[in-house]
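Here the structure is a predicted model, which means the values were calculated and not measured. Every chain is numbered from 1 and lettered A, B, ... according to where its sequence line falls, protein lines coming before strand lines.
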Amino acid sequence: MTPTQTPTQTQNDASSGAGTLDTRYQPVPASVSFPDLEESILKLWQSRDVFKRSMEERAGGPEYVFFEGPPTANGRPGIHHVLARAFKDMFPRYKTMQGYHVLRKGGWDTHGLPVELEVERQLGLTGKEQIEEYGVAGFNQMCKESVWEYLNDWEALTERMAFWVSLDDAYVTMTNEYVQSLWWILRQLWDKGLLYEGYKVVPYCPRCGTPLSSHELSLGYQEGTVDPSIFVKFVVKGEDNAFLMAWTTTPWTLPGNAALAVGDKIDYVKVRDRSGALLYLAKERAEAVLEPGYQLLEKMKGAALVGKEYEPLFQFGAAPPERYAYVIAADFVSTADGTGIVHVAPAFGADDLAVGQAHGLPVFQTVDAAGQFKPEVTPWAGIFVKNADPQITADLDARGQLYKEETYEHTYPFCWRCDTPLIYWAKQTWYIRTSDFKERLVALNDSINWVPDHIRSGRFGRWLENNVDWALGRDRYWATPIPIWKSDAPGSQYMECVGGLDELSQKCGRDLQGLDLHRPYVDEITWTAPDGGAMRRVPELCDVWFDSGAMPVAQWHYPFANQAEFDTYQQADYICEAVDQTRGWFYTLHAVSTLLFDRPAFKNVICLGHILAEDGSKMSKSRGNVVNPWQVFAEHGADATRWYMYTAGPPGNARRFSGNLVAEVKRRFLNTLWNTYSFFTVYANLAPAADRPPAETNNDLDRWLLSELNRLVREVTAAYEAYDVTAATRPIAEFVDDLSNWYVRLNRRRFWDGDAEALFTLRHALVTLAKLLAPAVPFLSEAIYQNLVLSVEPDQPDSVHLSRWPQADASAIDTELSAAMALAQKVTTLGRAARESAALKVRQPLQQVVVRTRTADERTGLERMEQLLLSELNVKELNFADEGAELVEVEVFPLPRQLGQKYGRGYPVIRRLFAQMDQTELAGRFAEGKTVTVEADGNSYEIEAADVEVRRTPRAGFALAQDGGYLVAVTTNLTPELEQEGHARELVRRVQQLRKDTNLEINDRIRLLLPQTPQLDGLLSAHRDYVLAETLTLEIVWSPATENPTAEACATFSLGEEKVTIGLTKFEISNQ
RNA sequence: GGGCCUGUAGCUCAGACGGUUAGAGCACUGUGCUGAUAACGCAGGGGUCCGUGGUUCGAGUCCACGCAGGCCCA
């Protein structure tokens, strides 16, 4: 690694090398099309192969590992992808500039339901039955091709926005290499006993015999469905005639009951009804549910009911081995309807199953795949469950366990195909036993740096704490097959998990190289089981989320190849996706890594909020408010789009997006920077010594700018290190504003004069800015760097993205100067406001400005800025309000922080008393260092000078403005001399306007024609040099412009009381 | 129904630790300045800091309970 460049070294480099007299920069037009500029930069990068070199040239440097969360290329990339890619891009760029080697391997997600649905749509198929008819081989072939449908769009967009990622080296989840790595992982989990077959509750159509996907489910909701609504009395064990009252709209699930759930913070009551039975239910529900005439006996929280055992309603078959039939606490319990006591049937509800798993409850699967009660449910065996509802209700009634029966109207899902009411039904599927690792998942999450921070213990942490086993299996076609083979011998439970293609070849005894590891081909592989059966693959496929979660391993085809690469890149320093990935990729990465390697998969993660339309509504095709990224790029450019994304608000917040919002940042930020850059090149090219750095600048404005610049470098670097994108970008915009509207404006004269120190300072600022901005706006920063650096220092890296990140030079930081300048800016603002209030133009010089600061240090700082203030405010003297007591009014202000802390409720009293006292006398005592003691209501308060702020306000004869304790006043009386000087400035301004109107070049010299009046005569004798120098006048001709035929232009205006007409001609210099 | 987040000017957003008069940009109006700027300066209108209650001498800021919106999960 070469040593990192510091500002000082830049100076040395420049002075030793490049500063020859004939150096020139490319002329930069004042206005620019950023989209055109960006296209040309793209060509430059291509021709110099900069992206590849940004990785190659850092080989051997420390590694910074970025993981690309794989998108699916079967849909068009949208603006939300631009958001994620913009945030993904900036840290690898930053780290590369810091000397790190950052491999940016791309990735594509190619499996899963979205792909299948798209192919179904293309083929006009609906449902699995038709897919099977069409043929799985052909269907999957279509999927394989469909996956790349929008690849070109993705590649083009990625390049256009300058997201540097190696797409030609991307991992692809459907390849045999990738699939084999997944198999290897599953085999590891299998060997550790972490794969098992268990129940999963799915919306299920008993007629079609198939689970429905969530989108199928959404097709079939029907409002106004009428179901039974029964209130069931569960007999409490060990209490006499006491019942837990539960409510259900699905009586057929009662034989599957395993527990009752309460909310532990919900209030419950125990009542005696008219029959004498003791009933437990939620306090809030008692009145609505119970027949009148009950008697309240007791109140308790749900937590007090937890653990209470009850008699199971039914018992079928062998006695259940596990503990069940007791009260548990669950957070899904509410008192919106029912009784606040929820019947839990793990086989028939997702909540039920989850809470059941958490408590180790049994799953009573009493219903078969046809939706009929199984044989062991003897009273109702073979009956379709919905038809059994009345019989079950009647049975409960007969046993005295039905409190009452009603009907209930609600929205219920039906099969969109056959209109059969769906049931929620637990089917057998493959699980990964993640819940065994809950504590490790939580503990390892603690070390991850989440942005925003609250995700760690909030959304993600909560998710981990409530971890349930990962339902891995899917009954579909286009995904990674679960590599488990089962013997088909009757009653056999023999299974093997296959960890790779070679292993599969061995097992079946033939070379399977070239076998497509998808359905249906992989299902054709069988061999003989030890028990004589045929080994056949289980039908399920993997959840696609497992594909992406396994990418740290599978992107390298590990462990079959690339051991070294895997070792280096197995843990990411940085990943970034939108917030919906907390339960998606963020979780699957974390889970796979924890189970396999017991360490987090990533160290830092930015979790982005979503993109909303300009009006804050959701962006969606149906609303027609989707923004096309290409259009925004074409109109405003990728830099502007990126900059908006970074600066619009905290990354975790949802952000509004529109072309208008991008246009605004382009105008305010990019244009300002561009114009400053353009300005620099104009004057640097006019001044031969432009890039000769001065040894050291003594100019306070230069030193201030360098101080601010180095503070900025420090601040931005720290923000990058903390993954705080807003803090890494917004301060740059503020600096550019200061640079353009303060530093450049105040120094115009020096640039005009070709002042080497000013030019060097500005160039240094622009070059440093280009580097600080490179990760965020890669195009504009490249354009500036190419011109300002490479034009004069050809030995520097030939792209800003190959250059080194600037280091803050602490010695250049002058906090006193920075504070003083900030105050000077404030005073200037207030001074102008004061002038405004008295209608005194800035052009008119005034005698005096009087400033009141809050502290003595601030006064010292402002004294250093005296020249600046005099010139900015166009006054002759700077004074401070603590001088000349006769000129000012005095007010003593008790400071709330000091006195509030000291005396608490005494503060308002002190404030009231002080207001009644003689302010001048009071101020005098504090000025002498004395304390003041006031008494009220028997309390005595001692106040020191430090506890008050003495405010002095100029008396009559001043115009003033104040803010936040600061006050600026200017004298309003005009002497003849001041007035004359004002006229001189007015004259200059008019001449300048005339020069402009006649299209003179900036450095053209002129001959000025003036009428000989006493006023102009006097004015010229007092301010002749000033007028000549400002207007580049070589000769004054005392002749009325209107009568002089040589005048090229003339103008008439008022100068005080007098009306004058002036003219000018260009002064031709021979021998030029 | 549960979890997390957000709520400050018409719009986009800042507001460490509770403390002097809640700020900036955009937009609007007026005005001034200008030989870098489709700029810039100044002024004006525009705020129940989502609501209610609490803690405190003092709350946009802390606490509680709500309301609205977003996301995720049911």
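- Remark: B/U6 base-pairs with B/A68. Criterion, Watson-Crick or G-U wobble with two distances under 3.5 Å.
- A/Thr829 has a side-chain polar atom (N or O) that falls below the 4.0 Å cut-off from OP1 or OP2 of B/C42.
- Shown here, B/C13 forms a base pair with B/G23; the pair counts as Watson-Crick or G-U wobble because both key distances fall under 3.5 Å.
- One can place CG of A/Leu739 at 18 Å from P of B/A39, the figure rounded to the nearest angstrom.
- The glycosidic torsion of B/A16 lies within 90° of 0, which places this base in the syn conformation.
- Distances shorter than 4.0 Å separate some side-chain N or O of A/Arg462 from OP1 or OP2 on B/C4.
- For the pair A/Trp752 CH2 and B/U34 P, the interatomic distance rounds to 16 Å; values are reported in whole Å.
- A/Leu780 places a side-chain heavy atom less than 4.5 Å from the side chain of A/Phe34.
- The shortest non-hydrogen separation linking A/Thr253 to A/Ala345 is O-CB, 3.7 Å.
- Candidate nucleotides B/G19, B/A36, B/C5 were compared by shortest atom distance to the side chain of A/Gln901, and B/G19 ranks first.
- With a cut-off of 3.5 Å on both Watson-Crick or G-U wobble distances, the partner of B/G53 is given as B/C63.
- The interatomic distance linking A/Glu664 (CD) with B/G25 (P) rounds to 12 Å, in whole Å.
- Between A/Val736 and A/Leu769 there is a side-chain heavy-atom pair separated by less than 4.5 Å.
- For A/Arg667, taking side-chain heavy atoms from C-beta onward, the closest of the listed nucleotides B/A39, B/G41, B/A36 is B/A39.
- Among B/A36, B/C4, B/U20, the nucleotide with an atom closest to any side-chain atom of A/Glu949 is B/U20.
- Counting only heavy atoms from C-beta on, A/Arg745 has its side chain closest to B/A36 among B/U20, B/G25, B/A36.
- Nearest to the side chain of A/Ala350, among B/A74, B/U20, B/C71, sits B/A74.
- A distance of about 35 Å separates the C1' atoms of B/G45 and B/G35, rounded to the whole Å.
- OP1 or OP2 of B/C26 has at least one side-chain nitrogen or oxygen of A/Arg668 nearer than 4.0 Å.
- When distances are taken from the side chain of A/Arg905 to each of B/C57, B/G41, B/C4, the shortest belongs to B/C57.
- With sequence neighbours excluded, the residues forming a ring-ring contact (aromatic ring centres under 6.0 Å, His included) with A/His590 are A/Phe460, listed by chain and number.
- For A/Val579, counting side-chain heavy atoms from C-beta on, the closest listed nucleotide (B/G25, B/C71, B/C17) is B/C71.
- Protein atom CZ of A/Arg583 is 10 Å distant from nucleotide atom C1' of B/A74, rounded to whole Å.
- A/Val627 has its side chain within reach of A/Val632: a pair of non-hydrogen atoms, C-beta onward, lies under 4.5 Å apart.
- Comparing A/Gly649 and A/Val744 by the nucleotide of RNA chain B whose heavy atom lies nearest to each, the residue mapping closer to the 5' end is A/Gly649.
- Nucleotide B/G1 has B/C73 as its partner under the Watson-Crick or G-U criteria, with both atom distances under 3.5 Å.
- Nucleotides B/A43 and B/A36 place their C1' atoms 26 Å apart, quoted to the nearest Å.
- Between A/Arg459 and A/Asp737, the residue anchored closer to the 5' end of RNA chain B is A/Asp737, taking for each the nucleotide with the nearest heavy atom.
- Tested against A/Asp947, the residues A/Lys902, A/Arg911, A/Arg897 include a single salt bridge (charged side-chain N to carboxylate O under 4.0 Å, His left out) partner, A/Lys902.
- Which of B/C13, B/G70, B/A38 sits closest to the side chain of A/Asn675 comes down to B/A38.
- Taking 3.5 Å as the limit, the base of B/A36 and the side chain of A/Ser740 contain a donor-acceptor pair of atoms between them.
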I'd like a table of donor-acceptor pairs (distance under 3.5 Å, sequence neighbours excluded) in which one partner is a side-chain atom from residues 662-673 of chain A, with atom names and distances.
{"unit_1": "A/Lys666", "atom_1": "NZ", "unit_2": "A/His636", "atom_2": "ND1", "d": "3.3"}
{"unit_1": "A/Thr672", "atom_1": "OG1", "unit_2": "A/Arg668", "atom_2": "O", "d": "2.6"}

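- Atom CZ of A/Arg730 is separated from atom P of B/U12 by 13 Å (rounded to the nearest Å).
- Of all nucleotides present, none satisfies the Watson-Crick or G-U wobble test against B/U48 with each distance under 3.5 Å.
- Of the candidate nucleotides B/U21, B/C4, B/A36, B/A36 has the atom lying nearest to any side-chain atom of A/Thr676.
- Closest to the side chain of A/Asn741, out of B/G3, B/U20, B/C40, is B/C40.
- Within 3.5 Å, a donor on the side chain of A/Arg897 pairs with an acceptor on the base of B/C17, or the reverse.
- Taking atom C1' on both nucleotides, B/A68 is separated from B/U8 by 16 Å, rounded to a whole Å.
- Of the side-chain N and O atoms in A/Tyr907, none sit less than 4.0 angstrom from OP1 or OP2 of B/G19.
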